[in-house]
Structures are given as C-alpha cells and as structure tokens.
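The block underneath contains the structure these notes are about, expressed in structure tokens.
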Amino acid sequence: MYELYAQTFVNGINVGALYGLAAVGLSLTFGVMKILNIAHGEFLMVGGFFAYWLFTLLGLDPFLSLPLIALALFLLGAIFYKLVFASVARFHEEVKVKNSLLVGFGLFLVFPQIARGLWTADERAITPAYSGTSFPIFGVRVAYVPLAGLIVTVVVILALHFFLTRTYFGKSVRGTSENWKAAKLMGINVDRTYMITFGLGTALAGLAGVLVALAQSVTPDVGMEWTIKALIVVVLAGIGSIGGAFFAGLILGIVEAVGAIFMGPYSVALGLVIFLLILMFRPQGLFGKG
Amino acid sequence: MARGQDASGWRFWMLEVNKIDVFHGGLQALWEVSLNVDEGEIVSLIGANGAGKSTIVETIASLLAPTSGDIRFEGVRLDREPAHKVVTLGVCLIPEERGLFPGMSVLENLELGAFTPASRKVREISFKLVYELFPVLEARKNQISGTLSGGEQQMVAIARALMSKPKLLMCDEPSQGLAPIIVKNIFEVIKRINESGVGILLVEQNVRAALGLAKRAYVIENGRVTAQGESKRLLADERVREAYLGTG
C-alpha cells in the first residue's frame, strides 16, 4: 500500500510541476497586464510541436531545444501581442478582460487548425533514448525525464523570480502591474513592457509545451485542456504569485494523482472542484495577498 | 536670464501651454487653457473640485492628449511625445492620490523613480539627496510602501519624482487626506525643492496654502482660466476671496 501511495505521490509531483510551469506564464500576463490569455495553452501546444520538429527533423535533444523554443515562442508571443492584443490592452480594466477573452477564443479556434495542417491531428511525443528509464529510491521508481522536467521548472521559476525582483527591467514590470499610469509617469514604456511580458508568458508556455511533449504527448487540440489547468492553478495560487503558481501546480498534480486511486478518470474533476471552492472561500488564492 | 531664447532670439518660458482643448471621452474638459511656468518658479493652479486642474497637469504629462493647442517645454512639443518620454525631458508629475507602487518597497519605488537612463546614472547621488530631505524614508526603505502612513506615502511620491531629476515638478493635490501639521511639512519640503532650482506647478484645493507658497497662480473654473496673476493680488481679489476663502 505504501508503494502505491508513494509512487502516486511522485507521479503527482511530476505532473504538478508541468501544471506549475504552464500556469506561471498565464499568471504573469494576467497579473501584469490584466489580460486573460485563453490561448495560453495554444502557445504551449505550439512549443511542444516545435520541439517535436527539432527532435525528429534535426535530432535535437529536447532539453537542448528549450532555449530555442523559449526564444521562438517569445518572438511569436510578441508578434501576436502587437497584432491582436495591443489594441485590447489600451482599454480600461473591465473591457480589457472581456475583449482579451474574445481575442483569446479567436486564437483558440485558429491555432489547432493551423497545427492540424502542419503536423496532422496525430498524437506526437518526443521519445529520446532515455525516455522511460528510471531509478529506484525508497521503493519508488523515479523516471529521469520527469525529474529533469521538475528541475527545469524550478530553475525557470527561480530565474523568473530573480528577474522580477533583482533587475531594473523586472522591477519596472512589477511597477507596471501595480500602477501602469504611475509607471508611465516614471518614464517606463508601458506598451513595450506589455509586449515583453506577453512574450515572456508565451515563452514560458512554450517551455512547458516541450516538457509536455516529452513527458506525455501533444495533439493540435491539447491547448484548451492546458489553459484550463493553468487557470485552475492561477486561481489556486492567487493572481500574480509566481512562486505560488509552482506550489499550487504541485498541489493540483498530487490531488489529481491521489484522487485517481479512488475515482479513476473522474479525478480530473477534482481540479474544477478546487477551482470552485477557492473562488467561494478564498478568492485571493492560497498565496495571494488578501 | 530667467527665460530661454531660441535661435531667432524669441524669448520663451520653460513651460508654455498654449490654448489647449481637452476632452474626456465625448465631454470637453478644458477650453483654450493657456499658462506658463518659468524656470525655478512656483506656480499654483487653484479652483474647485472638478474644475479641470488635474486634467491640465495630466495633459502636460501627456497622459491625455489635447485636441487643439500645443504644449512646449524648453521649446520641445510635449503634446507630441508619449508620457514616458516627457519624463526624460525633465517634466515629472506626482499624480493625484500619489500613484505609488503599493506592493513594492520604498527602495524599489525610489529606484523606479530613476528609471530614465540619465537619472539612473546618477541615482546614488539622488538617493543621498532624497534621504537628506526625508530621513524617515531611509529608515523605512525596506518597508512595503502601501503600509506607510499617508504623510510618509506622500514623501515617497515626492522623493520618487525627485529621483527622475526633474526641471519641472508637478504636484497634484499633495495635501489630499493629510493632517494639517503634515501638510505644513509637505509644503515646506516643496519650498525647499523649489529653492534648489526646480520649477513647481502645484495643483491645490487648499487655496490659502497654495497662494501662500506660490508667487503666481491661475484660477481654473469649469475648464477655463478665469483669473491669473500674482498670488498677493489674487488673495486681495474680492471674487477669489468669496469663492475660495469663504471671506467675502
């Protein structure tokens, strides 16, 4: 019995790290720009397919492709910000959230179609030689790929935290999120800050996509599922809480995995139950400021 | 020489606001407002709540755009520059309700004050200056600014603006919501800042205090400049006394 629970717990952490990484980008853009990017999971899907391409066409190891994917998705995000989100960002907050939802849904309709054209509707996974290998520890098997994924997630989130709290530009991003008008008055180019923040968000989605394609698989339709996971995690963590998103991701992963022992496939609904409970009883999230 | 000169020898004010019209959505907020501020001068905008005083300074800061008229600072058209560029030219607005970054520390607020490249280079010197002006901020530099008292928050707002090395500092209602004794301190600090050579454009509802501090003032009513001149003269003006000082 111990083995089952311990193994399930470890599996939950593995999946939860992916949830955390997928959520951090969404939390960043929503926290800073008050734009809810429903297409966040679509950028994750694109990141996964790009890495799949690099792996099958060029034989590039997925972990080596991470920086390339981050850069590509940053540029893609910045371009999409300029094309469709910039006009939305000018509105005041309430209109902004509504219109960004519409724009995001539009992209959600378009991206899977394009992906089907480029990569067909088949399920794709990145399978390097070491995938599926694992080592035993305390009676639990730990697979190398998810462990490396967990390490990547922790490093990325720490790097993001460092960027936001220690660098001048990162501080200007936080300032913009707290009071964009005052940020302008201090000489911060708010529009450019928004573009870079949005690009960072999609870059983070792309990184998560690589790990998803590696640990699980991607299809053109996987985007919305990940957007919803990320949204649950963001609400659970509290908006704008970067470190909180990581821990909330772990919580969701573990709850789903352990729940599966009792509920089977229905454990997926647990995330939505958490979502509702948090909104009802602690709307600021577990790690958000009251 | 108090005023600058352009190539053709035409003398100009440091700040020239020339017949600006400004709209909020479909509603006109300002009608042909003109005003000037000279280098090192304290000028005050007085008038009732909603008269358009804040709209004027926000338009100078380029948060709003005039539909006609122009704004020049040292000869440069401010109304053609985005807000974040206006700061680099030396015009800084302390907005109504202070506009702090409430979740960030005092130190981080001040650091963002020195965001423009030129001010960032000299920020160590600026830190010394503002800590000299407000010793309490040095003691509280690691405190989250939203948890400070109202007076201390206003000090952060002023200090942060000074970090940008302005030539013209616009203060929108610095006395708002503060106890009289603290207002007195804030006004003294503004005077000291002015004595160091910074021009001040002060928006105030506290007319008596504003006219006591400023040499000149503009009276704003319903989006128009209805009176202007030396503060002493305005203080003696029957109409001003009746409308704003409650002593007919």
>> Given 3.5 Å as the limit, does a donor-acceptor pair link the side chain of Tyr168(A) with the main chain of Glu111(B), or not?
In response: yes
>> For Arg77(B), is the CZ atom crowded, meaning more than 12 foreign heavy atoms sit under 6.0 Å from it?
In response: yes
> When heavy-atom pairs shorter than 4.5 Å are enumerated against chain A, which of Ala161(B), Pro102(B), Ser119(B) gives the highest number?
Replying inline: Pro102(B)
> Side chain, backbone, both or neither: which part of Thr165(A) has an atom under 4.5 Å from a heavy atom of chain B?
Replying inline: backbone
> CG/Asn179(A) to CG/Leu112(B) distance, rounded to the nearest 0.5 angstrom?
Replying inline: 11.0 Å
> Is Ile125(B) atom CD1 crowded by more than 12 heavy atoms from other residues, nucleotides or ligands, each under 6.0 Å away?
Replying inline: no
> Minimum heavy-atom separation for Met104(B) to Glu178(A), with atom names?
Replying inline: N-OE1, 3.7 Å
> So which part of Ala157(B) gets closer than 4.5 Å to some heavy atom of chain A, the side chain, the backbone, both or neither?
Replying inline: neither
> Where on Leu93(B) is there a heavy atom nearer than 4.5 Å to chain A: the side chain, the backbone, both, or neither?
Replying inline: both
>> Please check if the number of heavy atoms outside Phe163(A) that lie under 6.0 Å from its CZ is greater than 12.
In response: yes
> Gly99(B), Pro82(B), Ser164(B), Pro95(B): which one forms the most heavy-atom pairs within less than 4.5 Å of chain A?
Replying inline: Gly99(B)
> Which atom pair, heavy atoms only, marks the closest approach of Ser172(A) to Phe115(B)?
Replying inline: CB-CE1, 3.4 Å
>> Tell me whether the count of non-hydrogen atoms from other residues, nucleotides or ligands lying under 6.0 Å of NZ in Lys96(A) goes above 12.
In response: yes
> Just wondering, do Val86(B) and Leu185(A) contact through their side chains at under 4.5 Å, heavy atoms?
Replying inline: no
> Are any non-hydrogen side-chain atoms of Ser62(B) and Lys184(A) less than 4.5 angstrom apart?
Replying inline: no
> Is it true that atom CD of Glu195(B) has more than 12 heavy atoms of other residues, nucleotides or ligands lying nearer than 6.0 Å?
Replying inline: yes
> Where on Leu100(B) is there a heavy atom nearer than 4.5 Å to chain A: the side chain, the backbone, both, or neither?
Replying inline: backbone
> Roughly how far apart are Leu110(B) CG and Met186(A) CE, rounded to 0.5 Å?
Replying inline: 10.5 Å
> Looking at Met163(B), Arg160(B), Arg120(B), His84(B), which has the largest count of heavy-atom pairs under 4.5 Å with chain A?
Replying inline: His84(B)
> Around Lys85(B), counting heavy atoms of other residues, nucleotides and ligands shown, do more than 12 lie under 6.0 Å from its NZ?
Replying inline: no
